[in-house]
Colleague: 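Let me give you the structure first, and then I'll get to my questions.
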Amino acid sequence: MSSHGDDGQPLWRPPPTLRTLHKSLSSSLTSSSQQALVPLTRVSNTLEDVKKNAGAIVAAAQTTLAPLADDLQLLKRVGEPRSGMRRVQSESNFARPAARLRLQRPPAAGFGPAEPSSPQARPPPQQLSRDQQRQVDAWDWLNALNTTLNQARAAQQNRFQLSRAGLEEQAKQLVHSASSMSLQEVKEQLLQKRREALSNAAATLGTCQANLSSLSQTLQSSLAEGRSNLERHLSTLGEPGSPASASSRLAALLSPPRLSGLAGSGGSGDGSGGEEQQSGEALPPWSLLPAPMRGREAAAIEALATEDEQDGQQEEEPGRGWGPFQRNAQRRRRSKEGEARSSLREEGRQVLIVTTAALPWMTGTAVNPLLRAAYLAKDKGRKVTLMIPWLAKADQGKVFPNNTTFDTPEQQEEYVREWVKKRTGFESDFKVTFYPGRYAPEKCSILPVGDPTQYVPDHEADVAILEEPEHLNWYHHGRRWTDKFNHVVGVVHTNYLDYARREEGGDTKEFLLKHINNWVCRVYCHKVVKLSDAVQPLPKQTTEFVHGVAESFLDVGEKKAQPAPEGGKRFQRGAYFIGKVVWAKGYTELLDLMTKHCSAHGEVDMDCYGTGEDLEAVKTEAAQRKLSLRFHGAKDHLEPSMHEYQVFINPSTSDVVATTTAEALAMGKWVICADHPSNRFFSQFKNCLIFKSPEEFSKHIEHALAHEPHPMSPEERRNLTWEAATERFLDVTELTEKDLKHSAVDNILWGAHKALTGSEPLRALAGAGANTRDAPQRLTDYDPAASEAAGLFDDRKRLTKPADKSSGRAAVSGGRAAARAAVPVAAVAVKQRA
C-alpha cells in the first residue's frame, strides 16, 4: 500500500503546530538544553539561576503546547491506555513487536533522519490503512525527536559530572513537560535537601542559644560568689597597708581603683554594679569575669588573701570560696612554690656572710656586713657566720687606723665582737672566720688570696651572702659558689664604674669593667641585690636598700627632738660634711655648688670631716675660691660634738647609698642631697631636701639654716632601723626555681672565667698580684711582699705612695674608701682576653 495519494502527495502531513514544535525543540535543544541543564546540576551554588531558568522553561512549554490539544488527544490513544498523560519511554515502546511493525517507513522528506537504502536493512513494506499510516507517521516523528534528544544528551554527558542514568532522567523530566511530574515539582525536590539542611542549622542555632543562656546564668552566679568570698578574705586580713600579716604586701595590689573595680564586678548581686554603671565609671575588662577566669589578677589576690588561713586549717569544702579552676590553680602554685622557694626565714638555715673588709678599717663594707650578721643572728632559728679577710701585719699597718695591728685572728675577732656589742647594745651570737687577703695599694682594696670557699666545711655550706660579689670574684679561681652553696646572694655596695671613669683612660676602663662585673655576677650568684639603681644594671638583679643605722644614732635623734629650753635652740651649729677627702666622694660637686651659692647669697661657714689622698688639693682649691670651708680631720659621726650640727650636706653622686646620710637623718638633722638614684630611699623623709639645680641647692641651704628640722615620725624611725632593714633583706633574698637554675651559657662563662684565672702570669698581668691563685698552707703564712706586682691597668703611682696613717678614727660611714678611685680595673685584662 502506497503512502502517497494519487496526486503524489503524502496521505498524512503533520499539522503545522507539530512541525513548529519539532523545529522549535530540535533547534533549541542543541543550544538551550545546555543552559537548562547547567543550572539544575549546580543548584547548590546557583539557586537563583535555577529558579529563573525553570520559570522560563515552564512558560515557554505552556505557550508552545497550548494549541496542541487535538494532536495530544491522538497521542493519548497510542500505546497503553492509561488515565492521564504518562511519561514517554521510547526504549520500552520500541521494544514492542507492534511498534516495530508500524515503524517500518521513514518519515516524509525534510523531517528526521534518512532510512537505510539497503533492502536487507528493512523487510518489505506491508499495506497499511490510512489511520495506521497516520499512526506510523506520528511515531516516526516521535522517534526522530527521541533521536535528537539522545544526541544532545550524549554531547552534554561528558561535560557534567553526573551519571548516565541521572542525566537521562533529568533530560526526560525537562523535555516531556506532559509527564506526571511538572518542572515546579522537579524544582521543589531539588530544593528539598537544602531546606532540610537549613532546618537542621536553625535547630542547632536554637540549641546554642539555649546553652549560651545557661552559661550566662552560671557566670552571673559564680561572679556573685567570687565577690562575696573576696569581701570575706579582705575582712579577715584587714585594711590594705595595715601591719597585720600579709596585708602590707596587699597594699599595692589592692589599690583603691583596683579594689573598687573588683567590688563592682559582682553584677546584680547587691545592686552596686548598677550604681557604678549609672555613675559612668568604666570597669576594667577582667573585673566582669568570675574569679576562675580572672587569671593573674584573681590568683595574686587569692595567694595573698589566704596566706594567714593556711596554717592549721583544712581546705575549704568543694563548692565554697573560689571556683574549682581557681582552687586547682592555687593548689598547683602552692605546691610548685613550696618545692622551688628558698628563703632565709626557714628554720635551721646556715648563713655565711663574706665581705671584703674588716674592722678596725672603718669602711662601709666592714661595718654594714658586720651589723647584718649581728641582726640576722638575733633570730635563734638560724646560724650565722661572718667571714672577713685576714691581713698580714705589713698590710694591717697600711689599712688600720692608729697603727692598730693584731698578731692572731683571735685578737681581731675579739676586737670585732666588742665593737659590735657597743654599737648594737646586745650580745651577738654569730661565728667569725677568716680567709687570707692582701691589700692592693694600687686599688686601695683588699683582694682574696686563694679560694675562700675552702675555709667553709661542706656540712655548713648552705647560704652564702657575698658582700660586693664582683669584687670578691674578679680573680676567683676555685669552687663555684653556686655549686657549693644552695643559696647565693650578692649585695652590691660600690659604684666602681664611677671611679673607673674618673681615671686616665676612664672610658675604656669603664666599658671593660662593666662587662667583667656582669660576667662574674651572672656566674657566681643566684640573685644580686643592689642598694640603689646608682649601680650599673646587673644580671639577676633586684634593688632594695637593705642597710640600717645603729640604735645609738636613733637615740640621738630622739633626744634632739625634745623641745629646747624657752628661747633656746635644739641645734647649736650650722652645716657640715663628713667623708673620705677625695674628689670622687663629692668634693668636686661641693666646691662648685658652694662657689655659686656664695657668689649669689654670701658666704656660708661649713665644717668638713675626714682625711684622704686629696686633702691638700681640696684645701688649696677651696682657698683659691675663697670659700669658708674648715677641715678638721677624721672623726666618728657619733661623737657628741657632731650632735649639734643642724644641716648635713652631701652632694656626692658616686655613692651607691651614703650611710652618712642615713645616720644624719637618724640624728634628726636636715639633709641636703642631690636628685640621684643613690638618694631615692631617703626622699621619703620630711627632713631630706633634694635639689636638682644650683638654685634649688641655695634655696634649701637658706631654708635649712633658718628653720629647725622636723621631729621624726615613728614610721620614719622604724624604716631606718636595722630590724626593718633585716626584714627587707629577708624578703628580697628569697629565691624561686627560676633563680636557682643556671643556663648553659652561665656554665660556659664560668668555665671560661676559671680557665683564665688559673694562669698565674695572666693573673699578675690582670692585677691580682703574683702567687695569689692558691691559698697558703696556713692562714698566717701569707707574705704580701711575694705578690707585689702591678697589673696592666693599675695606677702605678699609688704603689709607692705612703699609706695614710692619720691619727683618729676614720669616719664610720664614709662608705667604701673613696680611694677606690683607682678601682681594680686591672681585671679588665681578663675580659679583654676572653
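All residue numbers in this chain count up from 1 along the given sequence. Heavy atoms only: backbone and side chains are in, while hydrogens, waters and symmetry mates are out. Since the model is a prediction, treat every value here as computed from it, not as a measurement.
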Colleague: Within 45° of the axis and under 6.0 Å from the centre of the six-membered ring of Tyr609, does NZ or CZ of Arg630 qualify?
Modeller: no
Colleague: For the salt bridge (Lys or Arg N to Asp or Glu O under 4.0 Å) test, which of Arg718, Lys378, Arg372 pairs with Glu723?
Modeller: Lys378
Colleague: Can you name the side chain to side chain contact (heavy atoms under 4.5 Å, CB included) partners of Leu615, sequence neighbours left out?
Modeller: Val581, Lys619, Phe631
Colleague: Around atom NZ of Lys540, are there more than 12 heavy atoms of other residues, nucleotides or ligands at under 6.0 Å?
Modeller: yes
Colleague: One thing to verify: whether Asp731 and Arg345 come together as a salt bridge, which I'm taking to mean a side-chain N less than 4.0 angstrom from a carboxylate O.
Modeller: yes
Colleague: Taking Lys580 first and then Asp614, would you say they form a salt bridge - that is, a charged N and a carboxylate O separated by under 4.0 Å?
Modeller: no
Colleague: Mind checking salt bridge (Lys or Arg N to Asp or Glu O under 4.0 Å) for Lys669 and listing every partner two or more places apart, or none if nothing turns up?
Modeller: none
Colleague: Can you confirm if the aromatic rings of His493 and His547 lie within a centre distance of less than 6.0 Å?
Modeller: yes
Colleague: Give a yes or no answer on whether the side chain of Arg382 reaches the backbone of Leu344 with a donor-acceptor pair at less than 3.5 Å.
Modeller: yes
Colleague: Do Glu510 and Tyr499 pair up side chain to side chain, a donor and an acceptor below 3.5 Å, judged on atom types alone?
Modeller: no
Colleague: Is the shortest side-chain N to carboxylate O distance from Arg717 to Asp555 below 4.0 Å?
Modeller: yes
Colleague: Output yes when Glu695 and Lys596 qualify as a salt bridge under the 4.0 Å nitrogen-oxygen rule, no when they do not.
Modeller: no
Colleague: To the nearest 0.5 angstrom, please state how far the OG1 atom of Thr405 sits from the CG atom of Asn403.
Modeller: 8.0 Å
Colleague: Going by side-chain hydrogen bond (donor to acceptor under 3.5 Å, both in side chains), name the residues that satisfy it together with Glu544, two or more places apart in sequence or in a different chain.
Modeller: none
Colleague: Kindly determine whether His597 and Ser698 satisfy side-chain hydrogen bond (donor to acceptor under 3.5 Å, both in side chains), including the steps that lead there.
Modeller: CA-CA 6 Å; His597 175 78; Ser698 298; 2.9 Å; yes
Colleague: Spell out, as yes or no, whether a donor-acceptor pair under 3.5 Å connects the side chain of Asp395 to the backbone of Leu391.
Modeller: no
Colleague: Taking the basic N atoms (NZ, or NE/NH1/NH2) and the acidic carboxylate oxygens, is any pair closer than 4.0 Å for Glu621 and Arg625?
Modeller: yes
Colleague: Going by salt bridge (Lys or Arg N to Asp or Glu O under 4.0 Å), name the residues that satisfy it together with Glu644, two or more places apart in sequence or in a different chain.
Modeller: Lys560
Colleague: One thing to verify: whether Glu427 and Lys421 come together as a salt bridge, which I'm taking to mean a side-chain N less than 4.0 angstrom from a carboxylate O.
Modeller: yes
Colleague: Going by the rule ring-ring contact (aromatic ring centres under 6.0 Å, His included), which residues pair with Tyr645 if we only count those two or more places apart in sequence or in a different chain?
Modeller: Tyr576
Colleague: Keeping the roles fixed (side chain from Gln536, backbone from Lys514), state whether a donor-acceptor pair exists under 3.5 Å.
Modeller: yes
Colleague: Would you mind checking if Arg417 and Glu413 are paired as a salt bridge, meaning a charged N to carboxylate O distance below 4.0 Å?
Modeller: yes
Colleague: Return the set of residues passing ring-ring contact (aromatic ring centres under 6.0 Å, His included) with His703 (not counting sequence neighbours), or none when no residue passes.
Modeller: Trp670, His707
Colleague: Could Arg728 and Phe545 be counted as a cation-pi pair, given that NZ or CZ must be under 6.0 Å from the ring centre and within 45° of the axis?
Modeller: no
